[in-house]
Amino acid sequence: MAPRVFSPQRSSPTSGDGMSTPSIRTRFAPSPSGHLHVGGARSALFCWAFARGHNGQFLLRIEDTDQKRSSDAASTGFLEDLAWLGIDWDEGPQWHGRGGGDTGPYYQSQRLDIYEPFTQQLLDSGAAYRAFETTEELDAARKLARAEKRAYRYDRAALELDPDTVERFLAEGRPHAVRFKVPDDEPIVVHDAVLGEVRLEPGELEDFVIRKGDGYPTYHFAVVVDDVLMGVTHVIRGQEHLANTSKHALLIDALGFDRPIWAHVSLIFNPDGSKMSKRDKDKTLRAEVKSRGLDSPPEGCGISREHWANWLADKKLQLETDAAASLARVLEISLPEIDVDDFRRAGYLPEVLVNYLSLLGWSPGGDREQFDRSFLVEQFGLDRIVKSPAKFDRSKLLAFNLDAIQAMDADQFVVRLQAFCQDFEPEFLEAMSTHQFKLFALSNKERSKTLRDPVDTGRFFVQSDEQIEWPMTKAIRKAICKGEPNGFDRLAAIRDLLAAAEPWEPAHLEEILSTWAETNCEGNLGKITQPIRVAVSGGPVSPPIYDTLEILGKKAVINRIDRCLANRENAMEASL
RNA sequence: GACCCCAUCGUCUAGUCAGGUCUAGGACAUCAGGUUUUCAUCCUGGGAACAGGGGUUCGAAUCCCCUUGGGGUCGCCA
């Protein structure tokens with residue numbers, strides 16, 4: 001299909017935040033890997049906020065020019081992730097009613113014929129030339145340079161080729177790359193909105209490739225051409241691109257267009273300073289597997305023996321998201337969250353992640369830390385972007401999430417928890433009535449740091465009475481086995497009182513238990529609530545006991561207490 | 001290794017551009033008390049930083065230089 005070409009703006013974009021700026025256009029340009037990494041999410045967020053706050057447009061472009069790596073299974077996971085975060089795009093891939101636009105297509109692989117004339121232009125003007133070295137030759141030259149401890153730069157051998165030879169090579173159909181001829185007489189100076197002026201002395205930059213042997217443009221060339229054609233005025237991206245920017249500046253100059261405003265944001269790291277990478281999950285899993293000496297896949301993780309062996313043998317292999325998650329569950333460890341989707345599954349609220357992410361590498365100034373999207377859009381500016389790198393601190397994110405949940409309307413929390421369960425824990429919706437679920441949600445709200453907390457600690461609500469067991473842990477022993485009388489004695493004593501309780505409501509249950517505690521254990525409520533809690537849940541933790549009992553219902557409560565009492569002898573034996 | 005970027009509590013940061021109001025503020029984490037039927041909350045209080053060295057200046061967290069440390073890039077990957 002013939003792409004429509006946007007007429008690039010020739011006037012210089014005015015800098016910074018001027019209200020008179022005609023039309024600010026920012027873009028996020030990921031390569032299509034499954035899910036969105038938090039680093040990418042932060043870049044996207046900044047681009048989006050800047051455009052939204054300045055009456056501009058935010059575009060999405062997919063950089064899929066790596067034929068070797070772009071799999072056809074290119075998922076739309078990251079589009080979902082963006083949508084979940086509340087980052088919408090004005091132009092880009094079409095998805096659920098958004099996207100499209102006049103400057104597409106928005107997949108680079110569909111723009112191949114767009115780049116060619118620009119390559120030709122540079123070739124014709126002598127700003128670029130053809131180079132016939134093979135990858136192997138170049139690799140060897142690099143290796144040699146390294147061995148001799150000198151910096152390798154392409155030697156421009158192809159420039160020495162006489163025109164006839166070049167003609168001959170071309171006639172032979174020799175594969176070749178096109179290189180940009182980097183001017184070597186003056187420094188390259190790039191202005192960055194965050195970093196200021198960045199200079200590169202002449203001779204530091206080699207003649208880089210702009211078109212690969214397979215005819216595809218390199219990233220550098222495609223980015224520059226696309227940004228120009230799409231009318232991008234502000235390029236906000238991670239600092240890993242800073243070194244590339246001089247190439248982009250040169251290319252734009254040679255093509256005769258105006259440079260955009262660049263803003264390079266510092267990188268995000270793990271607390272230990274390592275790169276936050278998708279591999280961290282596999283790393284965690286491998287370490288655990290190794291420390292336990294597992295040489296076959298544990299039951300229930302859903303990984304085949306063969307896959308397991310391959311995964312263990314090749315450290316570069318990564319488990320699929322689902323496989324990694326179920327293995328972690330079986331091993332009872334938690335995986336580090338890396339992708340936006342991981343945070344979603346872990347029960348973080350999108351608005352909280354947005355808030356926290358925006359604080360990594362930017363701040364509104366003063367003491368303001370917690371804010372919503374509209375505040376960010378209103379306040380965000382390039383001038384307050386932080387230069388130094390940041391470490392990702394999950395405990396602070398968790399604290400923010402807690403605050404947001406606490407501040408939420410009760411009804412709102414029920415709805416959000418319901419949506420969460422729908423996506424990730426349908427069991428909870430299936431096993432409970434609407435009324436029960438509401439009680440379940442409300443009784444958990446004030447103690448939840450994430451939407452996952454209620455389901456993690458409340459599994460016993462959706463288990464059958466027969467599934468409840470009482471592993472003899474320290475806490476359980478203390479609650480039901482220790483002392484004279486012990487928890488079992490108290491359970492036996494209160495059992496009929498509970499069975500006769502009417503109505504089965506928190507207030508009434510409280511009355512029963514307090515009265516009983518008053519006469520039987522000097523008002524020490526814990527002496528009776530804790531045994532009941534253990535009996536009905538199989539563990540020492542639950543929502544407030546009266547709520548717990550109400551949600552469970554009288555029948556299940558009595559049944560579980562009876563089963564617990566029936567298990568008394570085993571338990572006492574195990575507790576010794 | 002070469003080039004580039006960066007440097008305030010354990011962490012994210014305010015303060016730096018326009019040097020004095022900074023005995024450096026906030027948040028998270030941490031520690032000590034307290035509330036609480038479990039867990040989690042919640043309340044009160046404490047400790048905690050201008051990387052080091054030289055300049056400039058009446059005066060430096062703020063400006064300059066060096067050192068050190070951290071990071072990025074050095075692909076016919078993006």
Side-chain angles (χ1 to χ4, degrees), chain A residues 29-33 63-66 68-70 108 131 133-135 138-139 142 145-146 148-153 175-179 192 194-196 198-201 203-206 208-220 222-223 238-246 264 266-267 269 271 273 275 356 359-370 383 386-400 402 406 444 446-449 453 457 475 479 510 513-514 517 524-530 532-534 537 539-546 548:
Chain A
S31 44
S33 53
E63 316 234 320
D64 54 351
T65 53
D66 186 357
K68 286 190 210 84
R69 248 188 280 187
S70 288
Q108 280 185 335
E133 290 82 2
T134 64
T135 309
L138 293 171
D139 280 349
R142 264 186 215 107
R146 198 168 184 80
E148 291 173 0
K149 296 202 170 196
R150 81 195 140 69
Y152 173 79
R153 287 194 196 91
H176 62 274
V178 175
R179 285 181 185 267
D192 184 280
V194 176
L195 270 9
V198 181
R199 292 172 70 91
L200 206 55
E201 293 308 318
E204 292 292 348
L205 197 60
E206 72 170 350
F208 54 93
V209 174
I210 61 176
R211 189 181 69 190
K212 307 182 229 176
D214 62 7
Y216 273 51
T218 59
Y219 161 75
H220 304 296
V223 151
Q239 241 183 60
E240 73 267 24
H241 290 292
L242 181 60
N244 294 329
T245 306
S246 46
H264 288 94
S266 66
L267 271 15
F269 296 97
K275 234 185 197 167
Y356 181 72
L359 246 21
L360 251 31
W362 178 79
S363 109
D367 293 340
R368 186 75 184 269
E369 280 208 308
Q370 298 196 0
D383 53 330
V386 171
K387 297 180 186 178
S388 47
K391 289 174 185 164
F392 196 98
D393 179 7
R394 285 187 186 73
S395 60
K396 183 154 179 168
L397 174 65
L398 200 57
F400 274 34
L402 170 88
Q406 300 318 320
N444 271 296
E446 64 177 17
R447 10 196 319 280
S448 294
K449 294 185 170 184
D453 281 350
T457 58
E510 177 167 14
L513 292 193
S514 336
N524 190 341
L525 256 180
K527 296 271 188 209
I528 184 60
T529 57
Q530 210 45 10
I532 296 177
R533 174 171 282 119
V534 165
S537 76
V541 177
S542 88
I545 195 67
Y546 313 116
T548 302

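Per chain, numbering begins at 1; letters A, B, ... match sequence-line order.
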> Which nucleotide in the list B:rA2, B:rA29, B:rG26 gets nearest to the side chain of A:S395?
Replying inline: B:rA29
>> With side chain to side chain contact (heavy atoms under 4.5 Å, CB included) as the criterion, how do A:R153 and A:E204 come out once you've worked through the C-alpha distance, each side chain's angles and the decisive distance to 0.1 Å?
In response: CA-CA 8 Å; A:R153 287 194 196 91; A:E204 292 292 348; 3.2 Å; yes
>> Looking only at the side chain of A:L402 (C-beta and beyond, no hydrogens), which of the listed nucleotides B:rG72, B:rU41, B:rC76 gets closest?
In response: B:rU41
> B:rA2 P sits how many Å from A:R199 CZ, rounded?
Replying inline: 20 Å
> With a 4.0 Å cut-off on heavy atoms, is A:A177 in touch with a base, just the backbone sugar-phosphate, or nothing at all?
Replying inline: base
> Can you find a pair of side-chain heavy atoms, one from A:V198 and one from A:T245, that are under 4.5 Å apart?
Replying inline: no
> So what does A:S31 hit on the nucleic acid, given a heavy-atom distance under 4.0 Å: a base, only sugar-phosphate, or nothing?
Replying inline: sugar-phosphate
> Do A:T548 and A:S542 have a side chain donor and acceptor closer than 3.5 Å?
Replying inline: yes
>> I need the CG-P distance between A:L359 and B:rG26, as an integer number of Å.
In response: 16 Å
>> Looking only at the side chain of A:R447 (C-beta and beyond, no hydrogens), which of the listed nucleotides B:rC39, B:rA29, B:rU37 gets closest?
In response: B:rC39
> If pairing requires Watson-Crick or G-U wobble contacts with both distances under 3.5 Å, which nucleotide is the partner of B:rA2?
Replying inline: B:rU73
>> Quick check for you: to the nearest 0.5 Å, what is the distance between A:E510 atom CD and A:Y546 atom OH?
In response: 4.5 Å
> When rounded to the nearest Å, what value does the distance between P atoms of B:rA24 and B:rA51 take?
Replying inline: 15 Å
> If you look at every strand shown and take non-hydrogen atoms under 4.0 Å, does A:H220 touch a base, only sugar-phosphate, or nothing?
Replying inline: base
> When all nucleic acid strands are considered with a 4.0 Å heavy-atom cut-off, which category describes A:N244: base, sugar-phosphate, or nothing?
Replying inline: base
> When all nucleic acid strands are considered with a 4.0 Å heavy-atom cut-off, which category describes A:Y546: base, sugar-phosphate, or nothing?
Replying inline: base
>> Considering every strand and a 4.0 Å limit on heavy-atom distances, what is the contact class for A:P540: base, sugar-phosphate, or nothing?
In response: base
> How far, in whole Å, is B:rA2 from B:rC58 if one measures between their C1' atoms?
Replying inline: 44 Å
>> Can you tell me whether the side chain of A:K396 and the base of B:rC12 have a donor-acceptor pair closer than 3.5 Å?
In response: yes
> Base, sugar-phosphate alone, or nothing: which one does A:S388 contact when heavy atoms must sit under 4.0 Å apart?
Replying inline: sugar-phosphate
> Picking from B:rU13, B:rA78, B:rU37, which would you name as closest to the side chain of A:A390?
Replying inline: B:rU13
> Under 4.0 angstrom, heavy atoms only, what part of the nucleic acid is A:R150 near: base, sugar-phosphate, or nothing?
Replying inline: nothing
> Which part of the nucleic acid, if any, lies within contact of A:R146, taking any heavy atom under 4.0 Å across all strands shown: a base, the sugar-phosphate backbone alone, or nothing?
Replying inline: nothing
> Considering heavy-atom distances to RNA chain B, does A:F400 or A:F392 have its closest nucleotide positioned more toward the 5' end?
Replying inline: A:F392
> Quantified in whole Å, what is the P atom distance between nucleotide B:rU62 and nucleotide B:rG46?
Replying inline: 29 Å
> Taking CG from A:D393 and C1' from B:rU30, how many angstroms apart are they, rounded to a whole number?
Replying inline: 12 Å
> According to the Watson-Crick and G-U wobble definitions, with both distances under 3.5 Å, which nucleotide is paired to B:rA7?
Replying inline: B:rU68
> Are A:V223 and A:N244 close enough that some pair of their side-chain heavy atoms sits under 4.5 Å apart?
Replying inline: no
> Given the C1' atoms of B:rA14 and B:rU57, what is the spacing between them in whole Å?
Replying inline: 26 Å
> Taking side chain as C-beta onward, heavy atoms only, is A:P271 less than 4.5 Å from A:F269?
Replying inline: no
> Side-chain N or O of A:S266 less than 4.0 angstrom from OP1 or OP2 on B:rC6?
Replying inline: no
> Rounded to the Å, how far apart are A:L138 CG and B:rC76 P?
Replying inline: 6 Å
> Does a salt bridge link A:K396 with A:E369, judged by any charged N lying under 4.0 Å from a carboxylate O?
Replying inline: yes
>> Distance check needed: B:rC4 P versus A:L195 CG, whole Å only.
In response: 13 Å
> Of the candidate nucleotides B:rG72, B:rA78, B:rU13, which contains the atom at the shortest distance from the side chain of A:L267?
Replying inline: B:rG72
>> For the C1' atoms, the ones on B:rA48 and on B:rU38, what distance do you get once it is rounded to whole angstrom?
In response: 33 Å
> When the distance from CD of A:E204 to C1' of B:rC4 is rounded to whole Å, what number comes out?
Replying inline: 9 Å
>> Determine whether a donor-acceptor pair (one donor, one acceptor, N or O, separation below 3.5 Å) exists between the side chain of A:E369 and the base of B:rG26.
In response: yes
> So what does A:Q406 hit on the nucleic acid, given a heavy-atom distance under 4.0 Å: a base, only sugar-phosphate, or nothing?
Replying inline: nothing
>> By the 4.0 Å heavy-atom rule, please label A:H264 as base, sugar-phosphate, or nothing.
In response: nothing
> Of the nucleotides B:rG72, B:rC76, B:rA78, which has the atom closest to the A:V209 side chain?
Replying inline: B:rC76
> Under the 3.5 Å rule, do the base of B:rA40 and the side chain of A:K449 count as making a donor-acceptor pair?
Replying inline: no
>> Counting the atoms with a prime plus P, OP1 and OP2 as sugar-phosphate, which does A:P543 contact under 4.0 Å by heavy atoms, base, sugar-phosphate, or nothing?
In response: base
>> Treating A:S448 as the side-chain partner and A:D453 as the backbone partner, does any N or O pair qualify as donor plus acceptor under 3.5 Å?
In response: no
> Between B:rG19 and B:rC50, how far is it from one C1' atom to the other, in whole Å?
Replying inline: 15 Å
> Which nucleotide sits closest to the side chain of A:D367: B:rC76, B:rG26, B:rG75?
Replying inline: B:rG26
> If you find the nucleotide of RNA chain B closest to A:A243 and the one closest to A:G213, which residue's nucleotide is nearer the 5' end?
Replying inline: A:A243
> Which whole number of Å gives the distance between the C1' atom of B:rC66 and that of B:rG25?
Replying inline: 31 Å
> What is the nucleic acid contact for A:G361, judged by heavy atoms within less than 4.0 Å: base, sugar-phosphate only, or nothing?
Replying inline: sugar-phosphate
> Looking at the side chain of A:P544, which of B:rA78, B:rU38, B:rC28 is the nearest nucleotide?
Replying inline: B:rU38
> Mind checking the C1' distance from B:rU16 to B:rC76? Whole angstroms is fine.
Replying inline: 44 Å
>> Distance check needed: B:rC74 C1' versus A:Y152 OH, whole Å only.
In response: 12 Å
>> Counting only side-chain heavy atoms from C-beta out, which of B:rU13, B:rC4, B:rU37 sits nearest to A:V386?
In response: B:rU13
> Does a side-chain heavy-atom distance below 4.5 Å link A:I210 with A:H220?
Replying inline: no
> Has A:K387 got a side-chain N or O lying under 4.0 Å from the OP1 or OP2 atom of B:rC5?
Replying inline: no
> Choosing from B:rC12, B:rC76, B:rC4, which nucleotide comes nearest the side chain of A:K212?
Replying inline: B:rC76
>> Could you tell me if the side chain of A:I532 sits less than 4.5 Å from the side chain of A:I545, heavy atoms only?
In response: yes
> When the distance from CG of A:D139 to C1' of B:rC74 is rounded to whole Å, what number comes out?
Replying inline: 14 Å
